Amino acid sequence: MSRSTRLLSRAALTTLALSLSIAGGVARAAGPSEAMGKSATSAPAAAPWVQVDSAWVRPMVPGQTATGGFMVLTARQALTLEGFSMSRAGVPELHEMTMDGHVMRMRAIPSLALPAGQAVLLRPGGHHLMLTQLQDTLKAGEALSLTLKLRTADGKAVTQTVSVPVQAHMMMPAAGGGAGASAPMMPGAGGHHHHGMAH
């Protein structure tokens, strides 16, 4: 083999070794990143404490400082709803409306039981979320962020945040109705006028 051929072969081998070294470095550098990506995508999302359906908040009229929030809550385990907080400044309270003779009365309550797997209606004329002393008028088309304050049967405090649309009415299961029964909750239903009054 001539000297020039030997030099050419040596140069080719050097180039090949350098290429393999660089390729190996890239592969090693990409390994941890790929592993990180796999672990990030394989982690399952935590299931919500409560399934929230048919949620809505009644719009306000100018001069009104309070309104109601309504929804259907189905807990996956026995929970107690102890209150809620909201993204707007104001005073959030759990309320219930009951009949006192022929008069419907509304009062604040400290908590509401959410039995496991049982749909609990927060609706006009019954249990509901009361949003009082609001500084801004809630208008139809907006979305309000509410954080439900819950407690498990073993005493653990947990929360769940939901985005609730502000709209005039929502189809909800009828009170006392059978499976699949529903009724429209229209403006003025269930003592709507109470929501604009101090009490």
Side-chain angles (χ1 to χ4, degrees), residues 45-97 106-152 157-175 177 180-199:
W49 291 98
V50 177
Q51 178 180 320
V52 180
D53 297 300
S54 304
W56 60 291
V57 170
R58 196 190 305 277
M60 299 161 62
V61 298
Q64 194 176 10
T65 60
T67 189
F70 317 101
M71 58 190 66
V72 182
L73 301 177
T74 307
R76 57 187 174 90
Q77 66 182 67
L79 296 170
T80 300
L81 177 62
E82 296 189 330
F84 68 102
S85 60
M86 53 190 177
S87 57
R88 297 291 187 95
V91 178
E93 295 178 338
L94 288 177
H95 275 218
E96 71 172 359
M97 296 186 78
M106 181 164 58
R107 69 183 182 93
I109 56 175
S111 62
L112 180 64
L114 304 178
Q118 181 177 321
V120 176
L121 273 65
L122 304 184
R123 62 179 183 83
H127 293 104
H128 59 278
L129 307 182
M130 193 69 189
L131 291 64
T132 69
Q133 300 181 35
L134 292 169
Q135 299 178 11
D136 300 316
T137 300
L138 294 176
K139 300 177 181 178
E142 297 184 59
L144 182 65
S145 179
L146 300 178
T147 299
L148 305 178
K149 298 180 178 181
L150 307 159
R151 191 169 296 275
T152 62
V158 295
T159 61
Q160 182 173 324
T161 300
V162 294
S163 180
V164 182
V166 179
Q167 59 188 61
H169 61 87
M170 168 70 74
M171 294 295 295
M172 297 184 72
S182 63
M185 296 301 183
M186 303 295 293
H192 163 61
H193 58 280
H194 289 284
H195 287 151
M197 299 173 62
H199 58 282

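Every value quoted in this text rests on a predicted model; they were computed, and no experiment measured them. Values below: all heavy atoms of this structure, side chains included; hydrogens, waters and symmetry mates excluded.
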Interatomic distance, [X] atom [atom1] to [Y] atom [atom2] [nearest 0.5 angstrom]:
X: E82; Y: K149; atom1: CD; atom2: NZ; result: 9.5 Å
X: E96; Y: H127; atom1: CD; atom2: NE2; result: 4.5 Å
X: L148; Y: T159; atom1: CG; atom2: OG1; result: 8.5 Å

>> I'd like to know whether Q133 forms a side-chain contact (heavy atoms from CB on, under 4.5 Å) with T65, so could you lay out the CA-CA distance, the side-chain angles of the two residues, the decisive distance to 0.1 Å, and finally the verdict.
In response: CA-CA 5 Å; Q133 300 181 35; T65 60; 5.8 Å; no

>> Tell me every residue that passes side chain to side chain contact (heavy atoms under 4.5 Å, CB included) with R88, counting only those two or more places apart in sequence or in another chain.
In response: L134, D136, L138, E142, L144

Over all atoms of both residues, closest heavy-atom pair of [X] and [Y]:
X: R123; Y: H128; result: O-CB, 3.9 Å
X: P92; Y: S85; result: CG-CA, 4.2 Å
X: Q51; Y: D53; result: NE2-OD2, 2.8 Å
X: M60; Y: Q64; result: CE-O, 3.0 Å

>> Looking at W49, is its backbone amide N or carbonyl O close enough to the side chain of Q160 to form a donor-acceptor pair, meaning the two atoms are under 3.5 Å apart?
In response: yes

>> Quick check against the 3.5 Å criterion: does T132 have a side-chain atom that pairs as donor or acceptor with the backbone of V91?
In response: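 The answer is yes, because a donor-acceptor pair under 3.5 Å joins these two groups.
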
Any side-chain heavy atom of [X] sitting closer than 4.5 Å to one from [Y]?
X: L150; Y: L114; answer: yes
X: T80; Y: L112; answer: no
X: R58; Y: P124; answer: yes

> Run the side-chain contact (heavy atoms from CB on, under 4.5 Å) check on M86 and L129 step by step: do they pass?
Replying inline: CA-CA 11 Å; M86 53 190 177; L129 307 182; over 6 Å; no

> Does T161 have any side chain to side chain donor-acceptor pair (under 3.5 Å) partners at least two apart in sequence or in another chain, and if so, which?
Replying inline: T147

Side chains of residues 69-78: which donor-acceptor partners sit under 3.5 Å, not counting sequence neighbours?
residue, atom, partner, partner atom, Å
R76, NE, P48, O, 2.6
R76, NH2, A47, O, 3.4

